[in-house]
Each structure stands twice: as structure tokens, then as C-alpha cells.
Amino acid sequence: MTQTTYVEPAGGRPAGSTADPHHARRWLILVMIGLAQLMVVLDATIVNIALPTAQHELGFSSDARQWVVTAYALAFGSLLLLGGRVNDLFGRKRAFLIGLAGFALASAVGGAANGIEMLIVARAAQGVFGALLAPAALSLLTTTFTDPKERGRAFGIFGAIAGGGAAVGLLLGGVLTEYLDWRWCMFVNIVFAVIAFAGGSSLLRHRPSEDRPKLDIPGTVVSTLGLFAVVYGFANAETHDWSSPLVWGFLAAGVVLLGVFVRIETRVAHPLLPMRVLLDRNRGGAYLAVFLLGIGMFGIFLFLTYYLQQNLGFTPITSGLAFLPMVGTLMVSATLSTSVLLPRVGPKVLVGAGMVIAAAGLFWLSGIDSASTYASGVLFPLMVAGVGIGLSMAPSMNVAISGVDPHDAGVASATVNTGQQIGGSIGTALLSSVAADAASSFVAGKTPTPQLLADAAIHSYTTAFTWAAGIFLLGAVICGLLIKPGVPEEADTDMPVVHA
């Protein structure tokens, strides 16, 4: 088979190629894509703030409460690979618009819920359409920004949204719940979706797929069941002991199914996730970095929210505001890391250094005690962690989908989102279990008093922060070994990029 080689000039489009229909409106497209991504990311946390109020109004049990969160994670995490391949087969504009419309409709149903069953179904539907929308947003970013220098800036902004969106969700959820109604934590998605849909309809152009291979049905079924089992197993770990069959049974089934999935993908003609996407060292290291960052980030958001509200007495709004310094440093470091640093030092240094810095911030944060205040114990460690996460997250997302074939862009993007989503689910379950064990050990054999219980809670948080820091350090070592040194061709803005 003959390969055609061309040189990509400074303008970002190959010589002699058809002009990119998105080029002139690329920055407006970035705004629209960023808005859609923000909606998907913040939805993972915005509902958390509203849950106590929703539980009181709808009258459901605490055991049922977790399924409002888990239903979204299950559908989103298990269907992302399928959503990515649907993008590649049927067009990213169509997938983007359908995902937006479906997400808005599901949010409207959830906001109007008259019982827990209706709310859980709506959350699962949000996850289904989110699994179609998230890969479309990331792959549209890849295909719209073809100039390496501009792509660095775009990925910096996108990475900042992906990293800071969860914290924004906490703030927005607090504002909406306190001043309007918990239902607006669902209805607000309609506003985001309508604006992004209008922008997508007018700015995007449909690009038919160059080839229309058949969908990998066996791979789709096995991967969906495998990811579902993994997320479901870790979700059960929050309410069951790790020895429960509902935990280890589903986790074991998930590992086996994902192993079968890999075997299928090496044998079928049109795989759902081609192994060539995963086996590139830089790309594999980047996927692992996103996964591990997802684990650690949820340790910060979950347990620091508990500490701020239960120990420092912050309201939902002030809790959300307390995360803004972290969002600020994360956005700055994410933007600079891809637009300035990545073309000069490469991803190996940035990903490793970012994880080490984030770990340092978490180790610092683990020093809080009952006498700590926000200013003395939280503010500066949180800002340091934000610097580290931004320094790692944005370059990882850039490298994870750079250099892939155009017909693999959707599934490569979906794998990034899958890593972050599965990482977040595992982080929530794992660190919740670690924190619960730490609290139990702290009070064992002692007479319970209000002060003892408060100290036990703080001990559980600091233990979770320490574990999350350890995960970041482990990630720095592993990703440092996987990712190649030097600057990849796609990130070198001073030289033309040669494609084959």
C-alpha cells in the first residue's frame, strides 16, 4: 500500500490540501466546545451539592442517594468507547449535536423528577449522551486546531476546563441550591446545551468519514460490560466491605472481560479500539497519567469539601469559592504547559514534574488539624496542587490524541475521557474506603466525644490526602518511564510536521 507524505507548513494545513472549513472560526468553535465540555465535567460534582436537599424533598433513603451519582458514572464510563467510535463512523458534528440535545432533554427530566426512580433514570440518560458528547468535543478540538502552536493554546484551555470543571461544579451547585432550588442543578445544563447547540449548528461543518467500516459488535458488547463491571464494583465498595461479592466479584468479572476485549481487538478487522492507539509509548503514558490524575483529583474535591463544610463550617457557596484559587493556578499552569513549555521540554518532564508538584501540595494539605484554618492550612497547598495538576493534565490530553489517524480521533478522545472517568470512580471508592478505615481505627477503644469524632474525621481526610499524594508519586515514576524524552514532532512549533 502506497503512503503519501506531505509537509505541514506553519499555517497548519498540508500543502495542496483542501482548506479546513473550520479554520477561520476555530476560536469560536473552541468556546463552544469548551462550554460543552464544562457541562459534562461539572455535572459529575454539581449534583453532589444538591443531593441533601433533593433527598429531603423527594424522600429517598441514604442508600439510594449514591445511585444518583453512580448511575451517571456507570452509563458514562461504560459507553465512552462506543461513543468515540460512533463519532468516527457517523461524523463528529452529528454526534456532538445529538449528544447536546439528549443531554439537555435528560437534564430537563431530572430537574422535573417527582421521585428517586425518575431522577436515577435521568442521570443514567445524561451519562449515555455524555458518552457521545465528550469524545466529539475532544476530537473536534483535534481536527479544528491543526497548527501545533495554536493547538497547544487550545489544549491548555481545554485541559484547564477538564481539570477545574469539577471545582466549578461545586461552586455553581452551591449557588443554585442556596439561592434558587436544587432542581436548577439539572436545569442549568439546558442553558449550556442550547448555547453550544446553536454554536455547533452554525459553526461546524459535517465531514463524512473517509471509510465506513462495520461496527465491532463483539468488542462493543464486551468492553461495555467490562467497564460497567469495573465501575459498578468500585461503586459498591463505597457501601459494602471489600470482601463482598458485589465488590470483588464485579471487579474480577470486569478484569476478565477487559482481557477478552483486548484479545478480540487484536483479531477483528475493524476493532472498536485499535491496539495501535494504545501501544504508542507516549500515548499510553498519557492515558495512564489522565487515569491517575482522576484518582487523585477526586481525593481533593471529595474530602476537602467534607473538611470545609463539616469542620470549618463553610456553606455550600463558600466551599465552592474556596476551590477557586486552585482553579486559577490550574488554568494558568495548564495553558502555559501546552503553549510554552511542551514545545520546549516535551511531555515527559511536564507530566512527571506536574505529578510531583501535585503530590507535594497534597502532602502539605495532609498536615491540617483541628486548629487549622483555611488560610493557614488549605489555601497554599491547594494552589500548589492546582499548579501540578494543570502542568500534567493538559499535556497528557494533548499527547494522548496527537498523531492519531483521523479515523481514530474519536476513539482516541473517548479513551482519554474513559481514563478520567474510571479514575474518578476508582478514586472515590478507594479513598472513601481508606478514609473510613482510618476513622474507625482512630476511635477504636476510645470513649466517643464530639472532639474525638471531629479529630477522627480530620484524620480520615489527611489519610486520604496522603494516599492520593502517593498515587501521584507512583504516577510520576510510571509515566516517566513510559513517556519518551524529547519533544514530539506534533509539539515542535519551530519545525514542519511530517505526516505519513
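These numbers were taken from a predicted model, which means no experiment stands behind them.
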note = side chain to side chain contact (heavy atoms under 4.5 Å, CB included) test vs Phe472 passes for just one of Val356, Leu293, Ile357, namely Leu293
inquiry  = Could you check whether any side-chain N or O of Ser392 sits under 3.5 Å from a backbone N or O of Val351, counting only pairs where one atom can act as donor and the other as acceptor?
reply    = yes
key: Separation of Leu382 CG from Thr329 OG1 (nearest 0.5 Å)   = 7.0 Å
ask   = So, Thr335 side chain and Val332 main chain: donor-acceptor pair closer than 3.5 Å or not?
value = no
message = With rounding to the nearest 0.5 angstrom, report the CD to CG distance, Glu265 to Leu258.
response = 11.0 Å
inquiry  = How about OH on Tyr306, more than 12 heavy atoms from neighbouring residues, nucleotides or ligands closer than 6.0 Å, or not?
reply    = no
ask   = What closest approach, in Å, do Ala106 and Ala125 show between heavy atoms, and which atom pair accounts for it?
value = CB-CB, 3.7 Å
inquiry  = Please find the pair of heavy atoms, one from Ala104 and one from Ala193, that lie closest to each other, and give the distance.
reply    = CB-CB, 3.6 Å
inquiry  = When you compare the side chain of Ile368 with that of Phe465, does any pair of heavy atoms fall below 4.5 Å?
reply    = yes
Side chain to side chain contact (heavy atoms under 4.5 Å, CB included) between Val128 and Phe76, intermediate numbers included = CA-CA 6 Å; Val128 171; Phe76 189 50; over 6 Å; no
Met32 side chain reached by Phe197 side chain, heavy atoms, under 4.5 Å = no
inquiry  = Test your reading of the model: is there a side-chain donor-acceptor pair from Lys348 to the backbone of Ile483, 3.5 Å cut-off?
reply    = yes
note = CG (Leu304) and OH (Tyr374) are apart, to the nearest 0.5 Å, by 8.0 Å
key: Heavy-atom pair with the smallest gap, counting every atom of Ala435 and Ala464   = CB-CB, 4.5 Å
inquiry  = Using only atom types and a distance under 3.5 Å, with no angle test, would you say the side chain of Ser333 pairs donor to acceptor with the backbone of Val387?
reply    = yes
task = For Ser376 and Thr373, test the side chains for any donor-to-acceptor distance below 3.5 angstrom and give the result as yes or no.
result = yes
ask   = Does Thr266 reach the main-chain N or O of Arg263 with its side chain, forming a donor-acceptor pair under 3.5 Å?
value = yes
key: Trace of the side chain to side chain contact (heavy atoms under 4.5 Å, CB included) decision for Asn189 with Gln126   = CA-CA 10 Å; Asn189 292 323; Gln126 282 183 315; 3.3 Å; yes
query = Is any side-chain heavy atom of Ser337 closer than 4.5 Å to a side-chain heavy atom of Leu342?
reply = no
message = Any non-hydrogen side-chain atom of Phe303 less than 4.5 Å from a side-chain atom of Leu308?
response = no
query = What class does the angle between the rings of Phe103 and Tyr72 fall in, given that below 30° is parallel, 30 to 60° is tilted and above 60° is perpendicular?
reply = perpendicular
query = side chain to side chain contact (heavy atoms under 4.5 Å, CB included) between Val262 and Met275: does it pass, once the steps are laid out?
reply = CA-CA 8 Å; Val262 172; Met275 289 298 103; 4.1 Å; yes
request  = Find the distance between OH (Tyr307) and CZ (Phe314) and round it off to the nearest 0.5 Å.
outcome  = 8.5 Å
Note, Ser366 side chain near Tyr461 side chain (heavy atom, < 4.5 Å) = no
Derivation of the side chain to side chain contact (heavy atoms under 4.5 Å, CB included) call for Arg283 and Val399 = CA-CA 6 Å; Arg283 201 171 297 125; Val399 172; 5.5 Å; no
Distance-minimising heavy-atom pair for Gly475 and Met355 = C-SD, 3.3 Å
task = Kindly compute the distance separating OG (Ser396) from CZ (Phe291), expressed to the nearest 0.5 Å.
result = 13.5 Å
message = Quick one, Val384 and Phe380 - any side-chain contact, counting heavy atoms below 4.5 Å?
response = no
ask   = Looking at Val222 and Leu257, what are the two nearest heavy atoms and their distance?
value = CG1-O, 3.0 Å
task = Kindly check if the number of other-residue, nucleotide or ligand heavy atoms within 6.0 Å of CZ (Arg281) is above 12?
result = yes
ask   = Looking at CG of Leu474 and CG of Leu288, how far apart are the two atoms once the value is rounded to the nearest 0.5 Å?
value = 8.5 Å
remark   = Smallest heavy-atom separation, Thr220 atom then Thr224 atom, equals O-OG1, 2.7 Å
